[in-house]
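In what follows, a single structure is set out as structure tokens and then discussed.
Sequential numbering from 1 along the given sequence is applied to the chain's residues. Order of appearance sets the numbers: ligands from 1, and atoms from 1 within every ligand.
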Amino acid sequence: MKNLIDITDFGVDELFSLIDTANDIIANPKKYAEACKGKKLATLFFEPSTRTRLSFEAAMLELGGSVLGFSEASSSSAAKGESIADTAKVVSCYADIIAMRSPIEGAALVAANNATVPVINAGDGGHCHPTQTLADLLTIYREKGTLDNITAGFCGDLKYGRTVHSLLGALARYKNVSAVLISPAELRLPDYVKQDLPNGMRLMEATELETAIPELDVLYMTRIQRERFEDKAEYERLKDSYILTADKLKNAKADMCILHPLPRVNEISVKVDGDGRACYFKQALYGKYMRMALILKLLKEAESDCSRENRFGENVIFGEHKCKNPRCATAVEQELEQAVKLCDNGVLRCCYCDKEI
Ligand code: CP
């Protein structure tokens, strides 16, 4: 059964097909108004959300389906100690498709390995957020007319910013894409994300937004992720590292596209919202259309393939190595067998959170 846990679960053709469907939904919404009649989406949100949860719910309602779920862990039986695996098995009895957000890295993979319906990762801790990437890709495509030949700047918290990890993984598969990674040294892109990018992708690191901005076709601003910091004093020190102002945009290309997964704290001045290059509210809207396209795809594929294969690929070693990431599903989920994969560069990585062993 097809799930969406990591953006690389979908090939480039599948991503283009989702973009096509989303564009068709935008042009012909009535055609899709009953496409999911009788189907139910469960939104299992163990962590706060505005856009992802509500856009998933709006997406299913606009497809003629229904929604059920919860918006915080405290109103679910997770508060009584229920595991992710049991939650996924139980919710599969009530819904046709699940969207799950959790602070636990690898939670959606655990759910997918136990559910009998498709599972969508709506964000797992600081790991990845593939449906935000779908919104990002549609926005870039509609603004630029292509996903090739782009220089994209990623600015802010590249360490914990799961949306950056997923978008880089997606853009890496298009032609002639370069990425400029703009962050303080403490919030650099993790090595495990870099290692997954193809050698051919140009990566440049910078600490100053002002010097990088003139080259960019896309600027992807991000929030410093307060909730992921163990040391709150470090958060206070880094929180205002980058603030995009109208003044800084003077040296940017006239057609540069400014993205932000939102929520924004203060990293983009409100005065920038009126600039024609500011696309972040459109991006939130496009997220709904891509989630509609995704729900349609996964429900259709589930009709013809309801097999429940374990999602681990090849070269996986079970039970021998222990993941040391305290935020990983293997640290909290009852009796979850350790699983590590041997990567091409000889490094062993946890199958759930991707951290090096
Ligand atoms: N972009 C995003 O994931 O927003 P929410 O946290 O509000 O869902």
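The aromatic rings of Tyr192 and His127 are tilted relative to each other, their planes meeting at an angle between 30° and 60°.
Here the protein heavy atom with the shortest distance to atom 6 (O) of ligand 1 is Arg101 NH1, 2.8 Å. Distance from atom 4 (O) of ligand 1 to its nearest protein heavy atom, with residue and atom name: Arg51 NE, 3.0 Å.
Against a heavy-atom cut-off of under 4.0 Å, Gln132 is close to the following atoms of ligand 1: 1 (N), 2 (C). Listed by number with element, the atoms of ligand 1 under 4.0 Å from a non-hydrogen atom of Thr52 are 2 (C), 3 (O), 4 (O), 5 (P), 8 (O). Interface of Thr50 with ligand 1, defined as ligand atoms under 4.0 Å from a residue heavy atom, comprises 5 (P), 7 (O), 8 (O).
Between Leu262 and ligand 1, a contact under 3.5 Å exists for at least one N or O pair. The shortest N or O to N or O distance between Arg162 and ligand 1 is not under 3.5 Å. Polar contact check, Arg53 against ligand 1: no nitrogen or oxygen pair lies under 3.5 Å apart.
Side chain to side chain, Asn149 and Asn176 meet the donor-acceptor criterion of an N or O pair below 3.5 Å. In this structure, a donor-acceptor pair under 3.5 Å is absent between the side chains of Tyr286 and Asp136. Using modelled atom types and a 3.5 Å distance limit, the side chains of Ser183 and Arg188 yield no donor-acceptor pair.
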Run the salt bridge (charged side-chain N to carboxylate O under 4.0 Å, His left out) check on Lys144 and Asp217 step by step: do they pass?
-> CA-CA 9 Å; Lys144 297 275 166 209; Asp217 302 305; 5.1 Å; no
Give the intermediate values and the outcome of side chain to side chain donor-acceptor pair (under 3.5 Å) for residues Asn23 and Tyr141.
-> CA-CA 10 Å; Asn23 279 327; Tyr141 189 76; over 6 Å; no
